[in-house]
Amino acid sequence: MALPDEHHTLLLALLADNSTGSRLFGERWPELAQALRRLLRQDSLGEPEARGEILLFRYPNPAAALKSWSTRLLELKKRLNWEPLLGPIPLRLILDLENDNGEDVPPQLTDPTGGSWQELQAETIHLSPALGRRWAELADPQKLGTPSPVALAGGLTALIPAAPKPQAPPLFPHRRLPLGGKFKPCFYCGQTTHQPADCPGKMLTMQTQGLPTAGYLPLEQLAQLFREAMEGQGQLNPLLVTGVDHSQLRKTPLLHTYVTYFDLNKVFQPRFLAAIAFSTHSQWEELGRPESINVENNNLFLGLDCLRVGQYHRANELFIAEGRRPRGKELYATIGRAFISLEQNRHQDMEYFLESALKMAISNRDRIYLCLLLTRHYRLMEEPWKASQALDNILTFQRDCLEALYLQVQLAVDRGLVPQALEGIRSLVEEERTFFIQALMDPELTPIQGEVEEILRSRLRIQAQEAEERLAQARVTCEEMELWLEENDPGLKTLRGDLAIIEGQAGQQSYFDLVDVAEKSRSLVINCHRTQEARLDALHDRLTATGRRLEEFRRLWRDYPHRPFFPSFAATLAKVGKAVAKAAGEGTKNMHGALYRALINSLEECDRDFALLTRIATQMAWLRTLFQAGKQFLRSLVVAEIALLSFTLILLVALIMLAADSPTASGLAQMLRDPALQKRLLTLVTLVLAPIFALIHTLWRTLEQL
């Protein structure tokens with residue numbers, strides 16, 4: 001019940017008796033107290049408040065406060081393996097109504113050293129005077145309890161828990177229906193309404209199984225469908241004869257439930273013999289799954305088909321032929337002959353064939369199978385000591401064989417060993433989820449139905465709590481993960497889609513759905529953490545690359561000779577340096593989504609600044625090249641001027657002297673001595689040829705340096 005005034009909140013004051021706790025738990029006590037504080041904080045509003053040794057947790061209403069305390073205390077006790085004989089955990093509590101106008105704060109909430117705390121009973125909720133007067137108004141006494149009429153020191157009253165609810169109805173009330181016939185239990189399926197020769201389970205194949213998915217049906221619906229199936233076998237058996245496929249099971253829950261019942265004993269049925277005979281798997285754990293059978297032997301396959309339709313003479317001939325065939329499957333043919341003997345009520349012959357096959361068995365897989373069949377046979381023949389011996393043969397070389405452990409439970413029920421049977425059921429239900437449905441439906445557990453259903457209820461509660469906690473963790477992780485991803489990141493859409501699927505499955509509330517929610521939530525959290533780790537690795541690599549790039553620009557600026565021309569480069573470089581230093585410092589801290597996105601945005605800003613620095617660096621390179629080319633041109637021009645002028649003068653003197661010695665070239669000598677011609681020639685060399693040669697040499701040297 002919610003509070004009528006939204007401004008009211010409840011304060012749960014918690015005070016630990018450290019001396020008693022240290023005496024009971026030693027050095028573990030501070031750690032355990034902190035663990036309880038963390039658990040309560042998950043349910044409370046905001047952060048807890050500390051007043052000395054008193055811790056205050058805020059809740060929206062009494063129901064939330066009491067549920068949080070009882071749930072978290074139970075969880076802590078499970079961690080401690082707490083035994084009732086040890087008494088209550090030394091924790092004292094007061095529940096107060098905060099912000100209640102005109103009401104004083106109880107002195108116990110402000111004074112942890114007051115002697116009245118010691119008068120409070122450990123683990124018991126005590127109500128403040130203000131809350132005690134309004135308890136009937138704010139809470140439902142029938143559900144949450146009533147205040148004690150006897151007031152303690154300071155006006156506190158102990159909360160008397162509400163009377164326990166009446167015992168819940170049976171989870172599976174129709175468990176006895178398969179045992180309502182006049183025959184002995186069928187070897188193939190356990191029903192007493194028919195003989196093994198008429199068992200509908202003979203018509204099923206390993207490809208048609210309902211048990212792996214039956215747990216997705218709500219338990220109430222499964223129980224109702226089971227009753228209808230057992231009462232309407234006359235209409236369902238013809239469907240098994242004609243063949244059932246997966247689509248029929250999905251579309252027909254009644255047929256699905258009926259097939260599920262036969263799956264409880266599928267290892268004893270002819271379909272399992274066909275599966276193990278033609279399977280390529282060498283390990284026992286790999287058998288029993290729906291798979292296609294690769295038929296390599298017509299005698300054995302046809303013999304099993306004849307057994308299915310009751311042609312025993314022909315089936316026996318085919319099995320004998322298979323046993324005589326070189327390198328034939330004699331072991332499985334012998335088991336086939338044992339099934340023929342079973343259906344003809346020749347139980348001694350069946351036992352003989354099974355024991356003969358066991359002597360032939362070499363692999364552990366076949367030995368397990370034969371021992372399981374013999375255990376079933378001995379139980380039905382009321383020879384429990386032989387059945388126990390056959391089971392022991394399995395457990396000596398494969399201690400974790402689940403089928404053998406379940407048969408051990410059934411054998412314990414037969415012998416009245418209830419604690420042993422219940423412990424086995426509890427272990428199997430926790431180990432493999434299909435055993436939850438098996439223990440729920442198995443009629444052979446009828447003698448201990450109440451105890452079994454208590455185990456199943458407990459498992460259901462634990463699984464629901466685990467699914468809820470892991471889903472809550474997945475939600476928090478996904479919310480955090482969204483901060484790590486960009487809005488257009490494909491992973492964000494996948495993340496939201498996976499979480500939506502899990503949340504949708506959580507609403508189904510079947511047992512298998514709860515198991516899937518817990519497993520998928522855990523996988524989703526692990527995948528988010530892996531993604532975060534991968535992005536962190538990429539971020540660190542990017543920080544390292546950014547630091548190297550920054551150092552390259554710093555070296556460029558340090559060695560650049562014309563820095564006054566580019567003041568913006570220095571400003572941008574300083575800005576990037578500060579950003580990179582800050583990012584490198586924050587990148588070593590505890591990372592979270594907001595910090596990651598801030599670092600990514602900072603690095604993207606650095607990349608934009610690097611792009612700007614790159615453009616400026618290009619301009620700087622051109623300017624430096626221009627200056628270098630200018631210097632080179634001047635040097636080349638001086639050299640060209642001197643060289644060409646010297647060469648021209650020498651050439652001119654030589655030509656004049658040659659022309660003067662030759663009588664025929666007197667005109668040429670006269671022309672070369674003309675001052676105007678000499679002036680024009682020297683001008684051409686100085687102003688045209690020398691600059692051209694200098695320019696060519698400058699371009700050549702510049703290209704060499706690029």
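Everything numeric in this text was worked out from a predicted model, so none of it was measured.
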Is there a side-chain contact between [X] and [Y], using heavy atoms and a 4.5 Å cut-off?
X	Y	value
Gln505	Lys520	yes
Pro60	Leu45	yes
Arg41	Pro48	yes
Glu453	Arg175	yes
Asp400	Glu431	no
Glu503	Arg475	yes
Leu539	Leu603	yes
Leu156	Pro129	yes

Answer yes or no: is there a donor N or O on one side and an acceptor on the other, between the side chain of [X] and the main chain of [Y], under 3.5 Å?
X	Y	value
Ser602	Ala598	no
Ser148	Leu159	no
His126	Leu93	yes
Trp135	Pro62	no
Gln449	Phe172	yes
Ser458	Glu454	no
Glu444	Gly190	no
Thr252	Leu255	no
Arg72	Leu40	no
Ser521	Ala518	no

N-O pairing of [X] and [Y] below 4.0 Å:
X	Y	result
Glu466	Arg470	yes
Asp516	Arg433	yes
Glu519	Arg522	no
Arg51	Glu49	yes

Mind listing the closest non-hydrogen atom pair of [X] and [Y] along with its distance?
X	Y	value
Leu95	Leu131	O-CD2, 3.4 Å
Ile94	Ser128	CG2-N, 4.5 Å
Val580	Cys606	CG2-SG, 4.0 Å
Leu492	Glu482	CD1-CG, 3.5 Å
Ala16	Leu91	CB-CD2, 3.7 Å
Leu495	Cys478	CD1-SG, 3.6 Å

Pairing residues for [X] by the side chain to side chain donor-acceptor pair (under 3.5 Å) criterion, not counting sequence neighbours:
X	value
Tyr261	none
Thr20	Asp17
Gln420	none
Arg37	none

Inset, instruction - Start with the C-alpha gap between Glu533 and Arg530, add the side-chain angles, then the distance that decides, and say whether salt bridge (charged side-chain N to carboxylate O under 4.0 Å, His left out) holds. - result: CA-CA 5 Å; Glu533 291 175 1; Arg530 287 176 179 171; over 6 Å; no

Inset, instruction - Provide the full list of ring pair (Phe, Tyr, Trp, His ring centres under 6.0 Å) pairs with a residue in residues 409-450, sequence neighbours left out, each pair given once. - result: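 Checked against ring pair (Phe, Tyr, Trp, His ring centres under 6.0 Å) - neighbours excluded - the pairs reaching residues 409-450 are Tyr406-Phe435, Phe436-Tyr511.
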
Inset, instruction - Keeping to residues at least two apart or across chains, list the ring pair (Phe, Tyr, Trp, His ring centres under 6.0 Å) pairs with something in residues 462-505. - result: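 Applying ring pair (Phe, Tyr, Trp, His ring centres under 6.0 Å) to every pair that reaches into residues 462-505, excluding sequence neighbours, yields Trp484-Tyr596.
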
Point-to-point distance, once rounded to the nearest 0.5 Å, from [atom1] of [X] to [atom2] of [Y]:
X	Y	atom1	atom2	answer
Leu73	Glu123	CG	CD	4.5 Å
Leu499	Glu479	CG	CD	8.5 Å
Arg133	Thr157	CZ	OG1	10.0 Å
Leu36	Leu14	CG	CG	6.0 Å
Leu599	Leu595	CG	CG	4.5 Å
Asp537	His540	CG	NE2	7.5 Å

If we count only N and O atoms by modelled type, under 3.5 Å, do the side chains of [X] and [Y] hold a donor and an acceptor together?
X	Y	answer
Tyr59	Thr9	no
Gln209	Asp263	no
Asp442	Gln410	yes
Glu469	Gln465	yes

Inset, instruction - Could you walk me through whether Asp489 and Arg535 pass the salt bridge (charged side-chain N to carboxylate O under 4.0 Å, His left out) test, one step at a time? - result: CA-CA 13 Å; Asp489 193 315; Arg535 288 180 173 262; 2.7 Å; yes

In chain order, what residues pass the side-chain contact (heavy atoms from CB on, under 4.5 Å) check against [X], with sequence neighbours excluded?
X	result
Asn601	Arg597, Glu604
Glu430	Arg426, Arg459
Asp498	Thr494, Leu524
Ala421	Val409, Ala412, Val413, Ile448

Legend entry - Test side chain to side chain contact (heavy atoms under 4.5 Å, CB included) applied to Val525 and Leu471, Val476, Thr477, the passing residue: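 For Val525, the side chain to side chain contact (heavy atoms under 4.5 Å, CB included) test succeeds with only one of Leu471, Val476, Thr477, which is Thr477.
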
Donor-acceptor pairs under 3.5 Å, side chain of residues 218-229 to any protein atom, not counting sequence neighbours: which ones?
unit_1	atom_1	unit_2	atom_2	d
Gln224	NE2	Glu228	OE2	3.2
Arg227	NH1	Glu231	OE1	3.0
Arg227	NH1	Glu231	OE2	3.4

Inset, instruction - Would you mind listing every salt bridge (charged side-chain N to carboxylate O under 4.0 Å, His left out) that reaches into residues 410-422, with sequence neighbours excluded? - result: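 Counting only pairs at least two positions apart or across chains, the salt bridge (charged side-chain N to carboxylate O under 4.0 Å, His left out) contacts touching residues 410-422 are Arg379-Asp414.
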
